[in-house]
Structure formats: C-alpha cells, structure tokens
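Inspection log for the structure reproduced underneath, given as structure tokens.
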Amino acid sequence: MAVPATKIPLSGIARSLVKEALLSEPDAQVHYEESLKKRMPMVRYLVTNKILDSLIIAKTVSKEFGLPLFDLNSIASGTMPIKLVNEKLIRQHHVLPLLKRGNRLFLAVSDPTCFQALDEIKFNTRLSTESIVVEDDKLTLAIDNALEAADTSMKDLMDSDLDNLQVTGGDEEERRADMDTSEIDDAPIVRFVNKILLDAIKKGASDIHVEPYEKFFRIRFRQDGMLHEIANPPANLANRLSARIKVMSRMDIAERRIPQDGRIKMAISKNRSIDFRVNTCPTLYGEKVVLRILDPTSAQIGIEKLGFEPEQQESFLKAISKPYGMILVTGPTGSGKTVTLYTALNILNQPDVNISTAEDPVEITVSGINQVNVNVKTGLTFAEALRAFLRQDPDIIMVGEVRDLETAEIAVKAAQTGHLVLSTLHTNDAPQTLNRLMQMGIPAFNIASSILLIMAQRLARRLCEHCKKVENLPPEILLDAGFKEHELGTFTVYGPVGCDKCTKGYKGRVGLYQVMPISEGMNRIILEGGNQIQIAEQANREGIADLRESGLKKVKSGITSLEEIDRVTRE
C-alpha cells in the first residue's frame with residue numbers, strides 16, 4: 001500500500017488567502033509547494049504567475065497581519081533613505097526602506113512573514129524595523145527605480161569630472177619604468193577616453209571597438225548585440241588613444257607587434273564600479289582595441305527577467321536543484337550564457353553550499369563563490385582547476401567552457417561522483433551538443449549517466465515599448481515564418497520605429513531558449529549511438545520547443561519583431 005505524500009504546512013499568507021476564500025486549500029497547497037521548489041516567496045509566485053492580483057493580496061495581508069497598507073506610487077524615490085540598506089539586502093529580501101524616524105526604519109514589504117529580512121536589516125543598520133505592506137509588482141518596480149536614482153554620481157558626471165574619474169588597472173603588473181607617458185597622459189586624451197567609457201556605460205553598450213584604418217579612425221559601441229558607429233576622431237590620434245587605453249589597463253605600450261590582454265576598473269560611485277576587459281590586436285594600420293564591459297549587476301536581474309517560457313523555467317530550476325549531474329548551456333559568443341549560469345549560481349549561492357568556478361577570464365564577481373581565473377601560460381588550465389576543486393570538497397562546480405577531452409572527462413567524472421557541474425559549449429543547438437561530446441571522445445554511457453539538461457540560447461533585441469508599431473503582414477509570410485494556420489488572427493505582430501528612448505526601435509534584449517532535459521528516450525538513442533537528427537526528432541516528440549519556436553512565441557507576445565527573430569534564428 002502506497003504511503004501518501006506528506007503535505008508541507010501552509011505559510012501564514014497561504015492560510016490567510018484560504019481563509020478569505022481567495023484560494024481553495026488544495027490550490028493553495030499546490031501553489032505554496034511550487035513557490036518553495038522555485039525558491040520564490042509565495043506572494044511573488046502568485047503575482048508573477050498571474051494567479052491573484054497584487055492589490056487583492058496586499059489588502060488581505062494588511063488586514064490579516066494588522067499592518068498599514070501603502071501605495072508606492074504616492075512617494076518619490078528620491079525621498080527614500082535608500083542608502084541606509086545595502087543594495088544586496090534590498091534585492092535579496094525584496095524590501096525597500098521608505099522612511100526613517102528616530103531609530104525606527106519603516107520598510108515596504110509584500111511578504112511581512114519574511115522575518116529573516118527584518119532581522120538582517122535590523123542587524124546591519126542598527127535600527128529597529130517596522131513593516132508596511134505594499135503591492136508586490138509595484139515594489140519590484142520601485143526597487144529598480146530607487147536603486148537607479150540612488151546611483152546619482154553616474155548621471156551627474158559633468159565634463160569637468162572627466163579628469164578625476166577613479167580608473168585603475170585590473171591586475172598587479174607595473175608599468176615599464178622607462179616608458180614615456182607624457183604624451184599619453186595629455187589632459188584632452190585622458191578626458192576623451194574617459195568620456196567614451198562613460199558614454200558606453202550610460203548607453204548600455206556591451207563592447208567598445210576602437211579601430212584604426214588607412215584614411216580614417218572610428219569608435220563603435222555594441223548595443224543590444226548590434227554595432228553602431230559613435231565617433232570618428234582624427235586619424236592621427238589613433239596611436240595616442242590606443243596607448244592611453246593600454247596604460248590604463250597595465251599593458252606594455254612599447255609592444256605593438258603581438259596581442260595583449262588587460263583590465264580596467266572604473267569607480268562610478270561609492271557603491272558601484274565597472275570592469276572593462278581589454279584586448280589589443282595589431283592590424284595593418286595600428287592596433288585595434290576592444291573593451292568588453294563587465295557589469296556585476298547583470299547577473300542579479302533574476303530568473304524571471306531572462307526570457308524563459310514558464311515550462312522552460314520550471315525545467316531549468318528542476319535541473320539546478322539536483323544534487324549531482326551536468327547542465328550544459330550552448331550558444332555563440334555573446335549569447336548570454338555567462339549571465340544565465342550566474343543567475344543559477346546566485347539562486348544556489350547559500351552559506352551551506354561550496355561553489356567553485358573556473359573561467360577564462362572571470363567576468364562577473366560574486367561574493368560567496370570561489371572564482372578562479374584560468375591562466376594557460378602558468379599551467380592553470382580548466383582541467384588543472386577542476387582537479388584542484390575536486391580535492392576541496394565542492395558541492396557545485398562551474399567550468400567556463402568545455403574545450404577539450406581532458407576537461408570534459410574530469411567534468412563528467414565530477415558529475416557522476418556527487419557534484420553538480422555547470423558549463424558551456426559552442427554548438428548551434430541542444431541536440432548537436434550530445435554529438436559534440438561524443439566527437440570529443442566521451443563514451444556514450446558516460447554522457448547518458450551524467451547529463452541532466454542541455455540548453456541552447458540566443459539573445460534577441462526587445463522592441464521599444466514607447467514606439468513599436470503594429471505590422472499588418474500577409475498570412476503567407478506568417479505561415480512561411482513558422483506560425484500555424486490555426487494561430488493566425490489570434491495575435492498582433494509589432495515592428496520597430498525608433499525614438500529618443502531607444503536605438504532604432506529596440507531597447508534591451510531577451511533570451512530565446514531551447515531547454516532540453518535528457519529523458520529516458522534520449523538516453524536510449526545516445527546509448528545506441530544515435531545522431532543529432534534522431535535526438536532532435538525525440539525532443540520534438542516530447543514537445544520541446546527549439547530556438548525558432550521560442551522566438552515565434554516572443555513575436556506573438558509583442559516582445560520582439562519577426563525580422564529580429566529571422567536575424568537571430570534563420571539558418
């Protein structure tokens with residue numbers, strides 16, 4: 001006789017919602033258990049999944065717990081004592097300081113039962129804390145706005161501040177003692193380079209390209225995945241500008257014949273600094289310099305904002321909650337793999353978990369995670385780092401990339417011996433990844449026993465909400481794009497326009513995912529030596545959406561345009 005599963009006791013908020021007849025007890029039980037699985041507060045889970053309206057929940061919580069209800073729209077973000085509480089605590093516990101009166105700090109919360117949040121803030125601020133109930137969706141928006149407004153030093157930087165920006169090299173190498181930096185440290189050059197770095201940050205660029213040619217010199221920003229020309233300085237400044245960047249990133253300015261790597265750290269406020277990963281490469285007419293902008297906050301956006309469909313997010317969270325096995329994320333350079341992996345690591349980063357990462361180089365620094373910079377010159381390869389991790393009692397390991405058989409073998413062994421391993425590969429889609437591992441020399445039985453989930457991803461530009469327009473496309477074009485005949489007429493297709501709030505009709509990016517859990521059927525195909533076509537057919541039978549289908553769902557939701565999906569997913 002089967003033993004019935006033990007029910008998890010309902011929380012205070014779940015009980016209140018049942019008491020007010022807003023949820024039935026069985027539904028409340030299901031939603032509560034799902035919120036625990038996804039490591040989300042009950043209120044956030046109900047609002048995010050549109051099960052209950054946030055205002056209804058807030059009114060119920062206010063009444064049941066005898067706490068005041070407050071409308072966040074009635075307060076300006078600039079009046080909040082936001083700097084009293086660490087940004088990490090605000091985001092982690094989903095709270096917002098509203099008012100300080102004497103030694104009392106009033107906190108906006110959507111879930112007043114989160115006593116750990118109140119205790120931590122009380123301990124850190126040395127103030128007594130009191131809760132004020134607010135709507136969860138408004139709280140999310142208010143936190144983003146308040147933290148952005150608090151970082152005023154970035155917005156208020158004027159031309160007069162460009163000389164005094166705190167910019168340091170990212171490593172410990174000293175400049176050559178005999179180099180002549182008088183030309184490089186010219187005030188106009190210093191100001192110009194600082195302005196380029198600041199403009200790139202303000203515009204949300206991911207990369208800066210400094211490119212010398214025979215007759216001209218240009219600087220381009222990569223915004224939302226696309227390069228845009230932003231400046232054409234005089235060609236005779238090319239060497240001085242590249243030399244200035246090399247000095248800032250602690251490179252050898254006398255060496256122009258070989259590529260060099262360096263880092264720059266720019267402090268833009270007391271609480272925020274941005275790293276730049278710098279690479280130079282000699283070209284026909286000088287050195288091309290590319291700076292990759294590394295913003296640590298990019299990994300703190302939360303899994304809900306990455307762009308997963310609900311069933312994809314559930315599969316991903318289920319996989320990362322496993323105690324052992326391997327999760328692989330695949331896609332080209334710049335497709336957001338690192339942000340996806342660090343979003344998972346932020347969820348898993350708890351005091352009782354030992355997490356170690358090996359990357360080339362470390363792009364996002366996170367406290368509580370042991371991060372190693374791979375350095376092939378000194379012999380510190382991915383494989384060597386992995387061997388060291390396995391001697392240090394790890395729970396979770398992240399490998400920046402599986403590049404060779406040796407790294408793959410150690411990673412698979414780690415996944416089979418009680419560790420959760422996350423890594424990336426460069427393949428076009430999820431089924432190809434299994435074939436790639438077999439081509440590397442990993443036996444089929446090892447792949448079948450270690451891989452939990454493979455996820456392919458791309459980044460598509462989001463349409464600007466301020467200017468996007470309806471596009472009336474003929475049915476033939478929609479059918480050719482991949483939409484089904486029964487879907488026509490049930491959705492609206494939007495296209496880009498362009499305004500002062502966006503770049504050519506787009507602002508920001510959203511992930512397109514193919515999330516493929518490795519099922520028994522796929523394991524059978526792997527063990528029988530099947531190819532990627534057979535695995536793709538099995539994935540299709542199991543209802544797993546490929547990248548194209550995920551993109552079409554974003555078009556139906558009005559998030560992006562059909563032409564953008566064509567650009568990203570057409571083969």
Side-chain angles (χ1 to χ4, degrees), residues 157-223 226-268 273-295 333-334 360-361 363 375 377:
L157 276 169
M158 307 298 288
D159 285 348
S160 58
D161 299 313
L162 292 173
D163 296 317
N164 304 315
L165 273 176
Q166 293 183 31
V167 180
T168 56
D171 56 33
E172 298 304 318
E173 267 186 61
E174 295 295 332
R175 289 189 220 168
R176 287 163 54 109
D178 59 346
M179 69 171 63
D180 178 15
T181 61
S182 58
E183 243 190 17
I184 300 154
D185 289 333
D186 276 354
I189 296 293
V190 171
R191 288 163 59 84
F192 183 77
V193 172
N194 286 351
K195 184 168 182 2
I196 290 295
L197 300 184
L198 283 173
D199 284 350
I201 296 167
K202 288 178 180 178
K203 292 181 178 181
S206 60
D207 302 87
I208 305 169
H209 292 243
V210 181
E211 302 168 319
Y213 295 94
E214 185 179 13
K215 303 289 186 186
F216 70 101
F217 179 42
R218 72 177 178 186
I219 296 173
R220 294 189 291 173
F221 290 170
R222 188 179 292 280
Q223 294 170 261
M226 304 292 283
L227 281 167
H228 302 282
E229 192 170 301
I230 59 102
N232 291 107
N236 61 0
L237 291 182
N239 288 338
R240 292 169 68 189
L241 285 174
S242 61
R244 170 62 190 164
I245 295 170
K246 287 167 75 175
V247 166
M248 293 167 72
S249 49
R250 300 290 192 264
M251 293 182 193
D252 182 353
I253 65 165
E255 180 57 78
R256 298 180 181 177
R257 299 163 298 173
I258 58 173
Q260 295 188 66
D261 290 295
R263 288 175 85 98
I264 297 170
K265 182 184 285 289
M266 175 180 280
I268 58 177
S273 62
I274 302 289
D275 282 359
F276 297 82
R277 191 178 79 203
V278 187
N279 177 266
T280 66
C281 184
T283 64
L284 282 176
Y285 303 105
E287 288 178 288
K288 173 170 178 173
V289 184
V290 177
L291 300 92
R292 166 67 62 88
I293 300 171
L294 309 175
D295 187 352
T333 302
D360 183 20
E363 294 190 6
N375 189 338
K377 290 179 183 176

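A donor-acceptor contact shorter than 3.5 Å is absent between the side chain of E229 and the backbone of R218. K246 places no side-chain N or O within donor-acceptor distance of the main-chain N or O of R256, the cut-off being under 3.5 Å.
Considering only heavy atoms from C-beta on, Q260 comes within 4.5 Å of D252 through its side chain. No side-chain heavy atom of Y213 sits less than 4.5 Å from a side-chain heavy atom of L284. Using a 4.5 Å heavy-atom threshold, the side chains of F192 and L237 count as separate.
For Y285 against P212, the heavy-atom pair with the smallest separation is O-CB, 3.6 Å. Shown here for M266 and F276, the closest heavy-atom pair between the two residues is CB-CE1, 4.0 Å. Here the closest heavy-atom approach between residue S206 and residue R292 is recorded as O-CD, 3.4 Å. Nearest heavy atoms, A235 versus K215: CB-O, 4.4 Å. For the pair I219 and P233, the tightest heavy-atom approach, listed with the atom from each and the gap, is CD1-CG, 3.9 Å. Nearest heavy atoms, M251 versus D261: CE-C, 3.6 Å.
Atoms CD and CG, from E211 and L227 in turn, are 7.5 Å apart once rounded to the nearest 0.5 Å. Note that CG of N236 and CG of L241 are 9.5 Å apart. Values are rounded to the nearest 0.5 Å. The line from CD of Q223 to CG of D207 is 11.0 Å long, rounded to the nearest 0.5 Å. For the atom pair NE2 (H209) and CZ (R222), the distance works out to 5.0 Å, reported to the nearest 0.5 Å. Separating the CG atom in L291 from the CD1 atom in I208 is a distance of 5.0 Å, to the nearest 0.5 Å. From I189, atom CD1 reaches atom CZ of R240 across 4.5 Å, with rounding to the nearest 0.5 Å.
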Applying side-chain contact (heavy atoms from CB on, under 4.5 Å), run through N194 and M248 and close with a yes or a no.
CA-CA 10 Å; N194 286 351; M248 293 167 72; 4.0 Å; yes
Given I196 and I230, is the side-chain contact (heavy atoms from CB on, under 4.5 Å) satisfied, shown in steps?
CA-CA 9 Å; I196 290 295; I230 59 102; 3.9 Å; yes
